[in-house]
Amino acid sequence: MDQFLDGISQFFGSDIMAAIAAGFAALLLVKVIPRLIAGAPFVPPREVKKRLDSGEDALVIDVREPHEFNDALGHVPGALNLPISQLTSRAKTLSEDLKAYADTPVYLACKSSNRAASAARTLKGAGLRNVQVVAGGMMKWNRQGLPVQRG
């Protein structure tokens with residue numbers, strides 16, 4: 001492997017290798033940071049759909065803004081819209097409002113899963129113990145052809 005990398009380095013030069021390494025590191029960070037922030041597992045959309053279809057007592061919260069909740073991507077059927085912009089200001093009242101769901105599986109969705117990852121930490125702090133993030137958000141949910149509700 002070292003010979004291979006040395007050969008590439010000699011062929012392309014060390015500047016190109018540094019750029020490739022930096023690009024790879026950036027890509028890795030984009031994928032890893034949301035998961036570290038969330039402190040919650042990421043669940044593939046098909047798995048979330050399967051669990052919901054099985055009758056699992058679960059709550060789906062979409063943390064996008066209302067205009068996004070009803071846009072072309074739509075939302076998971078039956079999802080509640082609780083915008084991330086309101087989470088911090090409502091944290092105290094949320095603790096009381098969500099007490100009944102403390103152990104219920106709660107799936108968080110947004111456009112790509114970044115905002116849902118941020119919201120996961122807040123909602124866990126509000127007392128929800130079974131928070132999970134829909135991996136890839138509504139973009140991936142749509143790409144996989146799963147049903148959506150609009151309007």
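This one's a predicted model, so the numbers in the text were calculated from it and none came from an experiment. Starting from 1, each residue takes its place in the sequence as its number.
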[X] side chain near [Y] side chain, heavy-atom distance below 4.5 Å:
X    : Y    : value
R129 : K124 : no
L108 : V134 : no
L59  : V106 : yes
P105 : Q132 : yes
E68  : L73  : no
L146 : K140 : no
S112 : M138 : no

query: Are M139 and F69 connected in the hydrophobic side-chain network, where two residues link if heavy atoms are under 4.5 Å apart?
result: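 No, separate clusters.
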Calculate, to the nearest 0.5 Å, the distance between atoms [atom1] and [atom2] belonging to [X] and [Y] respectively.
X   : Y   : atom1 : atom2 : result
Q86 : T93 : CD    : OG1   : 10.0 Å
H67 : N81 : NE2   : CG    : 10.5 Å
S54 : K49 : OG    : NZ    : 10.5 Å

query: For L82 and R90, what are the C-alpha separation, side-chain angles and deciding distance, and is it a side chain to side chain contact (heavy atoms under 4.5 Å, CB included)?
result: CA-CA 10 Å; L82 181 57; R90 293 181 58 191; 3.3 Å; yes
- request: Could you walk me through whether E65 and R115 pass salt bridge (charged side-chain N to carboxylate O under 4.0 Å, His left out), step by step?
  value: CA-CA 11 Å; E65 297 302 316; R115 284 178 282 178; 5.4 Å; no
- prompt: Side chains of Q144 and N142: do they bring a donor and an acceptor to under 3.5 Å?
  reply: no
message: Just by distance, no angles: are the side chains of E56 and Y107 close enough, under 3.5 Å, to form a donor-acceptor pair?
response: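 Yes.
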message: For the backbone of P44 and the side chain of W141, can you confirm whether one donor and one acceptor N or O come within less than 3.5 Å of each other?
response: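 Judged by distance alone, no pair lies under 3.5 Å.
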- prompt: Checking D62 side chain against C110 main chain: does a donor-acceptor pair fall under 3.5 Å?
  reply: no
Nearest heavy-atom pair of [X] and [Y]: which atoms, and what distance?
X    : Y    : result
D103 : N130 : O-ND2, 3.8 Å
L87  : A119 : CD1-CB, 3.4 Å
F42  : A117 : CZ-CB, 3.8 Å
S118 : I84  : CB-CD1, 3.9 Å

Evaluation steps, side chain to side chain contact (heavy atoms under 4.5 Å, CB included), between L52 and V76: CA-CA 10 Å; L52 294 172; V76 175; 4.1 Å; yes
field: R150 and D71 ion-paired at < 4.0 Å
entry: no
task: Check the pair V43, V133 against side chain to side chain contact (heavy atoms under 4.5 Å, CB included), reporting the backbone distance first and the verdict last.
output: CA-CA 6 Å; V43 183; V133 176; over 6 Å; no
